[in-house]
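Working notes for the structure below.
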Amino acid sequence: MADAIFVDSDARPTALVGRLLNASCRFFAICAGIMLILMALMSLTSIVGRSLFDKPILGDYELVQIMSAIAVTMSLPFCQMIRGHIIVDFFTVGLPRKVNRVFDVFASLILAVAAFAFTWRIGIGMFDLRENGDASMLLNVPTWWGYAPMVLSFFLLGCTALYTAWVDLTGDRA
Amino acid sequence: MTGIEQGMAIGALMLLLMALRMHIAMAMLVAGSIGYIWIAGSATLLNYMKTAAWARYSIYDLSVVPLFLLMGQFATHGGLSKALFRAGATLIGHWRGGLAMAAVGACAGFGAICGSSLATAATMGQVALPELRNHKYSGRLATAAIAAGGTLGILIPPSVPLVIYAILTEQNIAKLFMAAVIPGIIAMLGYMIVIGIIARVDPNAAPRGEQASFAEKLKAIADTWPVMLIFVAVIGGIYGGFFTPTEAASIGTLATAFVAWRSGGLSRRGFLECVYGTAQATAMIFLILLGADIMNVFLALTQMPAELAKWVVGLGYSPVLILFVIIFIYLVLGCIMDSLSMILLTIPIFFPIIMGMDFWGLDPESKAIWFGILSLMVVEIGLITPPVGLNVFIISSMAKETSMKETFIGIIPFLASDLLRITLIVFVPSIALIALKL
């Protein structure tokens, strides 16, 4: 969906792994939110500087690019934790619950595989970038700095997807 | 196999995976990856994966999307939907059907600071449904009006799907936003007229509210100042070229955060809900973007979109007929898919077809903008059509005493007004385009 409405439930996982993952996902989501607010504050400062003192923040575009990329990726694990990714349930809604659960386990496992594959490839990409010293144009921010949170986020996304698959498999909805 | 056949095969695989409850984003990603390996080999895919996420997520223009989402969250927590509905209710509540019209108008107003349909429907449902119930409105009319009104949230800029459309087709976001304003207002008026007609046919469904005094009206309107100010700053700023969309969204986000904080909506819990809600919606959208990217890279490799466009144009049918076929496909897809996935999957295929044909001698840019507005309006209809009408789901969950079937029946006249408006804009593109010439 292009949009969603979020209602936080007070239910939290009880098992230790679940609690740890849930807390990490929420922590990442909060980091993403703070990153966005910082990004907005920076843009505002730049606009004020530009219009009043003819002095925008140097490299504000680059900073927005880096910050939004980090904020977006850090949001990914949380969405899987609360099962907020969108699926088409129209064709399977009439099937028994058990069958649907098998599909859900399969979907989560595929997401885990994809997330770990991205972790691996982005990780390699990060080392490539560090070696060849790729950096942003104006501020000279090394590009691999932006990659590092991405690697972490995709790794957490993979773990979370494995966890949701396990929860669906064992029927422990907590 | 030809490119078209390869594209069809992978497309079929993707739809199958979607039907089997796989995340939409993952269905695109998996099918797209298989197709990519099929054509270019796995080494190329592994190489592509190194930079794909960064390349997509660090696009400057896209950074506006999470900001608009956060802005919508703050606006919801700032009680702005309530102020808007009160203003509408004091102004026209004493008309026949006036309160339902006020709800639709408030949806439009809220849409001007929120780029999301579901959020608009949900927040307006909370505010307006109890009032409509107290005034003995029929459940069918009340729920249908708000579910339909919610679609204004996306139609009236800012609008997340329009940002995506702009990036996919390399069009100017500011111009697309401007072009959406008049069709959005027409949509609002259309819904109000529908309510007016229903109220006349069945006066019991839509009783009159009380008449408010002049002072009350003035105060209620004054209470909506943050909305007006934010809308003018954001949309005016973008269109006037003072800010980039990202800068405008930054200002809007901070302004709505301030309003929410002033109104006491940003307690610790309220703030966390805003942040979590933003994270969820952002992740959902950007995971789909990642999947759609790989699908579209594959499609480009097969050259299917270009070949298909050449073939369709070569058929020699009238462009309007082809356009209506495309609209029909959107309506069918919209019954089961969400608007963003539809735009991401179909625009790379439909856009070259539209651009290859002549519509009333429009120049390429006008044509691209006009088609963007049209597809936006058509995909939004999917939110209120059965079996999967997310706006209706949301409203139904709030109005337990009205069955979902009742709501879907109530939606029919609103759908008629949607289809009428779409037909109007198909034949009179200047309704959308005139705003660009001002």
Side-chain angles (χ1 to χ4, degrees), chain A residues 1-6 8 26 29-30 32-34 36-37 39-44 46-47 61 64-69 71-80 82 84-92 100 103-104 106-107 110-111 114 117-118 121-122 124-125 128 143 146-147 150 154, chain B residues 18-26 29-30 46 49-51 53-54 57-60 62-63 66-67 70 115-119 122 153-154 160-161 243 246-247 250-251 253-254 257 272-288 336-340 387-388 390 394:
Chain A
M1 246 359 275
D3 33 30
I5 190 76
F6 176 72
D8 199 7
R26 279 167 192 267
I30 293 170
I34 292 174
L36 286 177
I37 292 170
M39 193 167 105
L41 284 171
M42 191 211 54
S43 289
L44 180 71
S46 187
I47 294 166
Y61 274 44
V64 164
Q65 287 181 317
I66 297 169
M67 292 166 98
S68 77
V72 163
T73 345
M74 290 189 90
S75 304
L76 292 173
F78 176 72
C79 191
Q80 175 61 18
I82 60 163
H85 286 294
I86 169 153
I87 61 166
V88 177
D89 61 358
F90 171 62
F91 298 101
T92 47
N100 276 328
F103 286 139
D104 286 345
F106 182 66
I110 293 284
L111 176 61
F118 270 108
R121 296 318 296 171
I122 297 171
I124 302 229
D128 288 357
T143 312
Y147 272 57
M150 264 189 177
F154 272 102
Chain B
M18 281 184 191
L20 296 179
R21 289 176 71 90
M22 193 177 276
H23 303 64
I24 286 190
M26 281 298 118
L29 191 104
V30 169
L46 288 176
M49 283 173 72
K50 280 199 229 172
T51 50
W54 176 263
Y57 294 171
S58 69
I59 291 178
Y60 181 81
L62 262 183
S63 61
L67 285 173
L70 188 57
S116 148
S117 246
L118 281 185
I154 283 197
V160 170
F243 320 126
T246 300
E247 287 167 345
S250 297
I251 294 177
T253 305
L254 296 173
L272 283 180
E273 267 180 9
C274 291
V275 167
Y276 289 151
T278 309
Q280 191 237 336
T282 305
M284 189 168 69
I285 292 173
F286 279 79
L287 197 65
I288 293 177
I336 50 165
M337 260 169 96
D338 72 283
S339 45
L340 192 69
V388 186
L390 288 170
I394 290 263

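Each chain gets a letter, A, B and so on, in the order the sequences are listed, and its residues count up from 1.
Residue B/L20 touches chain A through both its backbone and its side chain, counting heavy-atom pairs closer than 4.5 Å. Within the 4.5 angstrom heavy-atom criterion, atoms from both the backbone and the side chain of A/L41 approach chain B. Only the side chain of B/M26 has a heavy atom closer than 4.5 Å to any heavy atom of chain A. Using a 4.5 Å cut-off between heavy atoms, A/I47 touches chain B through its side chain atoms alone. Within the 4.5 angstrom heavy-atom criterion, atoms from both the backbone and the side chain of A/N100 approach chain B. Neither the backbone nor the side chain of A/A71 comes within contact range of chain B; no heavy atom of the residue lies under 4.5 Å from a heavy atom of that chain.
Side-chain contact between B/K50 and A/D128 is present, with heavy atoms from C-beta onward closer than 4.5 Å. Put simply, the side chain of A/V72 reaches to within 4.5 Å of the side chain of B/P66, judged on heavy atoms. Counting heavy atoms from C-beta on, the side chains of B/Q280 and A/I82 come closer than 4.5 Å. Proximity of B/I59 to A/Q65: side-chain heavy atoms (C-beta onward) are nowhere separated by under 4.5 Å. Contact annotation: the side chain of A/F118 approaches that of B/L29 to within less than 4.5 Å [non-hydrogen atoms, C-beta and beyond]. Residues A/I110 and B/M22 are in side-chain contact: their nearest non-hydrogen atoms beyond the backbone lie under 4.5 Å apart. Counting heavy atoms from C-beta outward, B/S63 and A/M39 have side chains that approach closer than 4.5 Å. A/I86 places none of its side-chain heavy atoms less than 4.5 Å from the side chain of B/L340.
To the nearest 0.5 Å, atoms CD1 (A/I124) and CE (B/M49) are separated by 11.0 Å. Rounded to the nearest 0.5 angstrom, B/L67 CG and A/S68 OG are separated by 8.0 Å.
Among A/A40, A/G125, A/G33, the residue with the largest count of heavy-atom pairs under 4.5 Å with chain B is A/A40. In terms of non-hydrogen atom pairs under 4.5 Å with chain A, the most contact-rich of B/L70, B/L62, B/T246, B/L46 is B/L46. For chain A, the option among B/T253, B/I336, B/T282 with the highest count of heavy-atom pairs below 4.5 Å is B/I336. With chain B as the partner, the residue from A/L44, A/I66, A/I37, A/L111 showing the most heavy-atom pairs under 4.5 Å is A/L111.
Defined by atom type and a distance below 3.5 Å, a donor-acceptor pair is present between the side-chain atoms of A/Q80 and B/H23.
For A/Y147, the ring-ring contact (aromatic ring centres under 6.0 Å, His included) criterion is met by B/W54, not counting sequence neighbours. Qualifying ring-ring contact (aromatic ring centres under 6.0 Å, His included) partners for B/Y60, counting only residues two or more places apart in sequence or in other chains: A/Y61.
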Side chain to side chain contact (heavy atoms under 4.5 Å, CB included) assessment of A/M150 paired with B/Y57: CA-CA 10 Å; A/M150 264 189 177; B/Y57 294 171; 3.9 Å; yes
Criterion side chain to side chain contact (heavy atoms under 4.5 Å, CB included) on B/L287 and A/H85, from CA distance to verdict: CA-CA 8 Å; B/L287 197 65; A/H85 286 294; 3.4 Å; yes
Step-by-step side chain to side chain contact (heavy atoms under 4.5 Å, CB included) determination, B/R21 to A/D104: CA-CA 7 Å; B/R21 289 176 71 90; A/D104 286 345; 2.9 Å; yes
Side chain to side chain contact (heavy atoms under 4.5 Å, CB included) assessment of A/L36 paired with B/T278: CA-CA 10 Å; A/L36 286 177; B/T278 309; 3.9 Å; yes
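Minimum interatomic distance between B/A283 and A/C79 (heavy atoms only, all atoms of both residues): CB-CB, 3.3 Å. In this structure, A/S75 and B/A279 approach most closely via the heavy-atom pair CB-O, 3.4 Å.
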